[in-house]
There are 2 protein chains.
Amino acid sequence: MTTVNLKHLAKELGLAVSTVSRALRDSYDIGDDTKKKVMALAHKLNYEPNPYASSLRKHKSKTIAVIVPEIANNFFSLAINGIEDVAQEKGYHVLIYLTHENYAKEQSITRYLQSGRVDGVLMSVSNETNDIQHIHALKQKNIPIVFFDRVCDNVDTTKVTTDDFESAFKGTEHLIEQGCKNIAFFSVPSFVSIGNKRMLGYEEALKMHKLKVNPNYVVYDTNNAEENLKQVKRVLSGKKRPDGVFASVEKLAITTYHACNELGIQIPKDIKVISFSNLNTASLLNPSLTTITQPAYDIGKRAATILFRSLDKKNATIMNEKVTIAATLIPRDSTRQ
Amino acid sequence: MTTVNLKHLAKELGLAVSTVSRALRDSYDIGDDTKKKVMALAHKLNYEPNPYASSLRKHKSKTIAVIVPEIANNFFSLAINGIEDVAQEKGYHVLIYLTHENYAKEQSITRYLQSGRVDGVLMSVSNETNDIQHIHALKQKNIPIVFFDRVCDNVDTTKVTTDDFESAFKGTEHLIEQGCKNIAFFSVPSFVSIGNKRMLGYEEALKMHKLKVNPNYVVYDTNNAEENLKQVKRVLSGKKRPDGVFASVEKLAITTYHACNELGIQIPKDIKVISFSNLNTASLLNPSLTTITQPAYDIGKRAATILFRSLDKKNATIMNEKVTIAATLIPRDSTRQ
DNA sequence: TAAAGTTTCGAAACCGTTTCCGTAAATAAA
DNA sequence: TTTATTTACGGAAACGGTTTCGAAACTTTA
């Protein structure tokens with residue numbers, strides 16, 4: 001009930017508040033025996049320093065924000081896992097904010113974070129985010145940001161991603177090697193970093209193999225499951241049905257499976273499917289799904305490590321660099337010839 | 001850079017800090033025109049109140065902690081989704097802590113939270129948690145806790161769960177109806193709330209149908225994927241192989257699929273499988289998996305709503321009640337006769 | 001017109017830590 | 001012994017809000 005604070009400890013020990021404070025943080029100018037006495041009483045009374053008082057005084061909260069589009073998604077939940085692991089190790093706390101792929105929400109969240117509640121931000125932008133005013137506003141308040149996966153290329157900071165271009169290129173090439181000639185591309189809008197890079201990799205592979213890019217084969221995530229299914233079915237039941245699908249996001253691979261089930265299209269006989277995905281059941285699907293698997297946990301861990309390293313210095317400056325971690329292509333039945 | 005605070009606003013307006021503070025919070029005893037002036041300037045200068053100063057003074061942080069065993073898990077990520085949704089709506093912030101099913105971690109987290117960093121806690125205990133001292137310590141600091149899914153029955157507070165006993169009963173009965181006579185049970189340790197209740201439901205169904213409970217058919221999650229696979233394979237390759245598997249947690253259903261693949265056991269011909277699961281690809285598995293699906297999102301939402309309702313009152317008291325939300329059994333191919 | 005009430009605002013205390021500054025005692029140097 | 005230096009600690013300001021108390025200025029009532 002009556003929460004124990006420095007004043008209580010000080011009174012009980014006949015010391016000054018400042019002395020107790022320094023003793024607890026093992027300051028060099030406090031005698032060893034007083035330190036011991038203070039520590040002992042603090043431990044006995046279960047003293048826990050008030051983080052708000054400390055943060056107010058120090059202008060440091062030992063807290064970061066993680067802003068992601070969604071959490072019920074294998075990639076993001078794994079990334080958060082990685083983030084939380086280093087956070088716990090470094091003594092940081094992590095606040096979670098979901099944008100639900102909604103730009104307005106993303107804006108109001110970043111807006112709020114200018115208050116100084118967090119020391120830094122880890123972020124994967126929503127697929128509606130076209131403008132970066134809100135990001136710059138945060139940076140101007142000296143709050144460092146590290147992007148992961150879905151980055152803003154024209155913001156000066158570190159971005160941790162997979163090799164999206166190369167992976168998309170290889171994935172598309174894999175489909176071509178398996179005999180596909182008409183390859184559909186299901187993705188997020190191309191102003192989103194990953195949408196753009198993966199699209200470019202896909203197109204490059206097609207060009208390299210003298211296949212033509214068919215704009216009718218492209219579907220963008222609408223952020224609405226039913227609408228997505230409708231769009232995918234439209235493409236798969238068009239007059240010239242594709243014989244391969246490159247899904248740039250897991251969600252649309254699932255949609256493709258459902259669409260094929262409904263339309264009676266057989267994978268991989270009629271159409272082959274490959275997807276960026278972190279499904280841990282990919283090998284158990286019917287048919288098992290060929291995936292380009294991103295090291296989601298490592299990406300989160302890496303991004304967090306970079307952020308914390310900068311936060312632990314006095315001048316929290318973050319390099320403008322791109323950190324790329326390779327994804328791995330795991331061939332399975334969905335692309336078997 | 002130079003963060004704008006109340007003092008700046010006050011000086012610029014020629015008002016007292018207290019006046020500005022009250023104007024911004026629309027206090028009744030400030031004139032309308034001064035209010036407007038204050039609001040205007042605050043908006044113009046992009047003023048964001050310092051949450052730490054406010055929390056320090058008010059002893060309220062508008063922040064809750066969510067403590068879960070893991071996050072790369074469909075149930076928990078969906079639950080967190082529900083939690084974050086209401087939190088955002090109510091203007092609360094959510095701190096995430098992962099225990100990784102580790103009791104020591106759970107202890108140190110709850111220990112730390114006694115500092116008053118959060119106003120309340122939403123929690124699903126680890127499967128190592130046998131003792132509840134750390135929970136009581138939190139309660140004695142007047143920090144309300146609401147449990148969800150994995151609860152502590154002997155703590156006086158609200159617990160939000162699914163109807164674990166009934167669901168396990170029905171799930172087991174479903175296997176029996178599909179012709180199973182020797183049903184294995186793969187679960188979490190039985191001192192965990194869900195482990196216990198689901199086990200009882202399973203046993204009750206067996207008794208009701210005059211089937212005997214075979215302790216050799218029980219496998220408990222060891223928190224180690226390889227070990228789990230070994231245990232499951234041991235049971236599935238024993239002299240008297242079960243013809244049905246009730247997986248109390250999704251993870252072990254996946255393990256069962258892998259084990260069957262490796263051992264050449266066919267589902268559902270040789271063995272039928274049902275599982276508590278929130279896999280959104282359950283219908284796409286090979287074979288599609290019969291699931292008992294918990295309304296994870298709703299559970300999170302419900303638990304959060306209850307917590308916030310109590311926090312918004314002055315005397316944060318939480319009823320000692322059990323809120324039960326029904327799970328739904330979705331029959332699929334893995335239990336087809 | 002004086003007394004009473006209302007409206008609108010300012011001064012200052014307060015929340016719990018951290019930190020700057022100062023000082024008395026103990027030790028070292030001259 | 002006197003003077004410098006170190007050691008060990010106390011006092012008080014500061015962080016940025018919120019809240020209590022009170023007091024002008026203005027309005028209403030008798």
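Numbered from 1 within each chain, the chains take letters A, B, ... in sequence-line order. Side-chain atoms are counted along with the backbone in the values below, which use heavy atoms only and exclude waters and symmetry mates.
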Touch class at under 4.0 angstrom, heavy-atom based, for B:G14 against every strand present: sugar-phosphate
Between C:dC9 (C1') and B:D32 (CG): distance, integer Å: 14 Å
Spacing between A:L13 atom CG and D:dA8 atom P, to the nearest angstrom: 17 Å
Closest to side chain of A:N5, choosing from C:dT17, D:dG10, D:dT18: C:dT17
Contact under 4.0 Å: B:N50 side-chain N or O vs D:dG16 OP1/OP2: no
Any N/O donor-acceptor pair, A:S18 side-chain to D:dG11 base, under 3.5 Å: yes
Selected nucleotide, minimal atom distance to A:A53 side chain, candidates C:dC20, C:dA11, C:dT17: C:dT17
Phosphate OP1/OP2 of C:dC9 contacted by B:T34 side-chain N/O (<4.0 Å): yes
D:dC9 base / A:D29 side chain donor-acceptor hit below 3.5 Å: yes
Touch class at under 4.0 angstrom, heavy-atom based, for A:P49 against every strand present: sugar-phosphate
Per B:I30 side chain, nearest of listed nucleotides C:dC15, C:dC9, D:dG17: C:dC9
Residue pair A:H8 / A:T3: nearest heavy atoms and the distance that separates them: CE1-O, 3.2 Å
Per B:S21 side chain, nearest of listed nucleotides D:dG17, C:dG16, D:dT18: D:dT18
Sidechain N-carboxylate O distance under 4.0 Å for B:K322, B:D153: yes
Position toward the 5' end of DNA chain C (nearest nucleotide), B:H59 or B:G31: B:G31
Which nucleotide in C:dT17, C:dG10, D:dT18 has an atom nearest any side-chain atom of B:K58: D:dT18
Side chain to side chain, A:V20 and A:L41, heavy atoms closer than 4.5 Å: no
Centroid-centroid under 6.0 Å between B:Y112 and A:H93 rings: yes
C:dT18 phosphate, OP1 or OP2, under 4.0 Å from B:Y52 side-chain N/O: no
Proximity to the side chain of B:V17 - top-ranked nucleotide from C:dT17, D:dC9, D:dT18: D:dT18
Any B:R25 side-chain nitrogen or oxygen under 4.0 Å from OP1 or OP2 of D:dT19: yes
Side-chain donor/acceptor of B:R57 to base of D:dT18, under 3.5 Å: yes
Toward the 5' end of DNA chain C, by each residue's nearest nucleotide, B:D33 or A:S54: B:D33
Phosphate-side-chain proximity, B:T19 and C:dG10, N/O vs OP1/OP2 below 4.0 Å: yes
Ion pair B:K141/A:E48, N-O distance below 4.0 Å: no
Between C1' of D:dT18 and CG of B:L9, the distance in whole Å: 15 Å
